[in-house]
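Since the structure comes first, as structure tokens, the remarks are kept for the end.
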Amino acid sequence: MIVPSGGTIGILGGGQLGRMLTQAAHELGFKVCILCPEENSPAAQIADLSIVAPYKREDALDELAARCDVITYEFENIPVHAVRYLERDHLVRPSSTPLRSTQNRLDEKTFLNNIGVPTTAFAAITQMDDLIGQGPLMGMPCVLKTQRGGYDGKGQVIVHSKAELAPAWQQLMMQPAIIEAFVPFTRELSIICTRGINGAIAFYPMSENDHRNHILHQSTAPAETSDMMVMRAQDMARRIVEGLDYVGTLAVELFETEDGSLLVNEIAPRVHNSGHWTIEACATSQFANHIRAISGMPLGATTLKHRAVMTNLIGDEIEQADALAKEPNTHVHNYGKAEARPGRKMGHYTKVSPL
Ligand code: AMP
């Protein structure tokens with residue numbers, strides 16, 4: 001189904017990704033309705049309609065469905081059953097399948113390996129015996145991660161010796177976990193793509209990503225890579241979106257190792273922080289292409305117009321926004337969040353330069 005011009009797009013989630021999706025939807029002539037549990041969320045501030053309610057509330061989901069022609073989501077921890085509830089009678093793009101596959105790190109990595117996409121070695125940990133048996137097989141150091149709920153480095157512990165295995169799991173409250181071999185990566189890269197309703201895929205140039213305290217600090221695009229590496233990354237992304245029968249924008253986070261191999265660390269079934277630079281530097285941004293895909297429009301070109309460096313403004317770094325906005329070729333985005341808590345993504349800026 002194709003959403004007519006002037007139609008309404010529903011978004012589950014009201015953060016900065018929802019806000020930038022709303023901006024893109026408006027430029028394409030759509031209205032937006034946000035469902036988010038928090039009042040005055042970054043997306044709701046600029047949306048046409050907003051419903052403030054927990055994602056689980058069926059009357060709120062019914063209201064969203066009644067108001068919208070198509071519904072999407074902007075973060076991966078939306079309860080799967082809320083999306084399932086909506087998709088019984090309404091158009092939801094992407095569907096609940098990618099959410100289910102990415103909310104659990106064990107399911108996600110198992111899915112990736114099943115479709116021939118390489119990851120680091122991993123094993124499921126649900127009891128102490130698993131940890132004792134599997135932990136040492138991963139080599140040291142290794143990384144213990146909760147199966148669910150982790151983001152920005154939360155829910156993971158680096159383990160340096162056998163003796164640290166049990167305390168690490170206790171630190172994670174002995175929740176179901178996975179143990180992973182530590183990847184001595186040389187760089188972190190990502191590839192973002194958008195898949196349309198007809199199966200066409202538009203790939204963005206890859207970006208190189210630097211993290212600080214497990215939070216993305218900076219993305220540089222295009223990453224300096226060989227054509228061969230871009231082809232390998234595109235092949236992985238293609239397998240993923242086709243394997244999930246995905247519609248919309250999806251990000252694949254990659255580790256590059258010393259021998260030039262690429263391993264997938266995780267996938268995000270949504271627009272992604274490492275693609276914010278596409279707003280200024282590509283012919284069609286990751287946000288615009290997501291809206292185009294879910295509304296059934298043909299995808300826009302992802303052609304690079306400029307080089308770009310995107311830097312996040314975390315916590316009180318947002319106070320630099322006015323000064324940065326005065327710098328040449330610098331585009332500042334303030335997400336409109338009231339409180340600048342430490343570690344909170346408050347905005348970002350993208351500096352562009354000639355190709
Ligand atoms: P994640 O929560 O899985 O996205 O991990 C957050 C960050 O932790 C990644 O961007 C990496 O910098 C680091 N990390 C996660 N898993 C590993 C691993 N297996 N080996 C080395 N570094 C890792």
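Whatever order the structure lists ligands and atoms in, that order sets their numbers, starting from 1.
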* Structure fact -> Closest heavy-atom approach to atom 3 (O) of ligand 1 among K145, E180, H211, E266 is made by K145
Can you find an N/O atom of [X] closer than 3.5 Å to an N/O atom of ligand 1?
{"X": "F182", "value": "no"}
{"X": "F255", "value": "no"}
{"X": "E253", "value": "no"}
{"X": "Q156", "value": "yes"}

* To do: Report yes or no: do T102 and E108 form a side-chain donor-acceptor pair below 3.5 Å?
  => no
Using a strict cut-off of 4.0 Å, indicate which atoms of ligand 1 neighbour a heavy atom of [X].
{"X": "E188", "value": "9 (C), 10 (O), 11 (C), 12 (O)"}
{"X": "R105", "value": "1 (P), 2 (O), 3 (O)"}
{"X": "V143", "value": "18 (C), 19 (N)"}
{"X": "A181", "value": "19 (N)"}
{"X": "H214", "value": "7 (C), 8 (O)"}
{"X": "N265", "value": "1 (P), 3 (O), 4 (O), 5 (O), 9 (C), 16 (N)"}

* C142 touching ligand 1 at heavy-atom level, < 4.0 angstrom ->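 No heavy atom of C142 comes that close to ligand 1.
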* Got more than 12 heavy atoms from elsewhere within 6.0 Å of CG, D59? -> yes
* Got a sec: does the CG of D322 have more than 12 other heavy atoms crowding it under 6.0 Å? ->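 No, the 6.0 Å shell around CG holds no more than 12 heavy atoms from other groups.
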* Asked: Mind checking whether M346 and N334 have side chains closer than 4.5 Å, heavy atoms only?
  ->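 In short, these two side chains do not touch, never coming nearer than 4.5 Å.
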* Given I179, which of L137, V143, I125 fulfils the side-chain contact (heavy atoms from CB on, under 4.5 Å) condition? ->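 Considering L137, V143, I125, a side-chain contact (heavy atoms from CB on, under 4.5 Å) with I179 is found only for I125.
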* **Salt-bridge contact D235-R239 (side-chain N to carboxylate O under 4.0 Å)** => yes
* To do: Return the set of residues passing salt bridge (Lys or Arg N to Asp or Glu O under 4.0 Å) with E63 (not counting sequence neighbours), or none when no residue passes.
  => R67
* Residue list, ring-ring contact (aromatic ring centres under 6.0 Å, His included) with F122, at least two apart or on another chain -> none
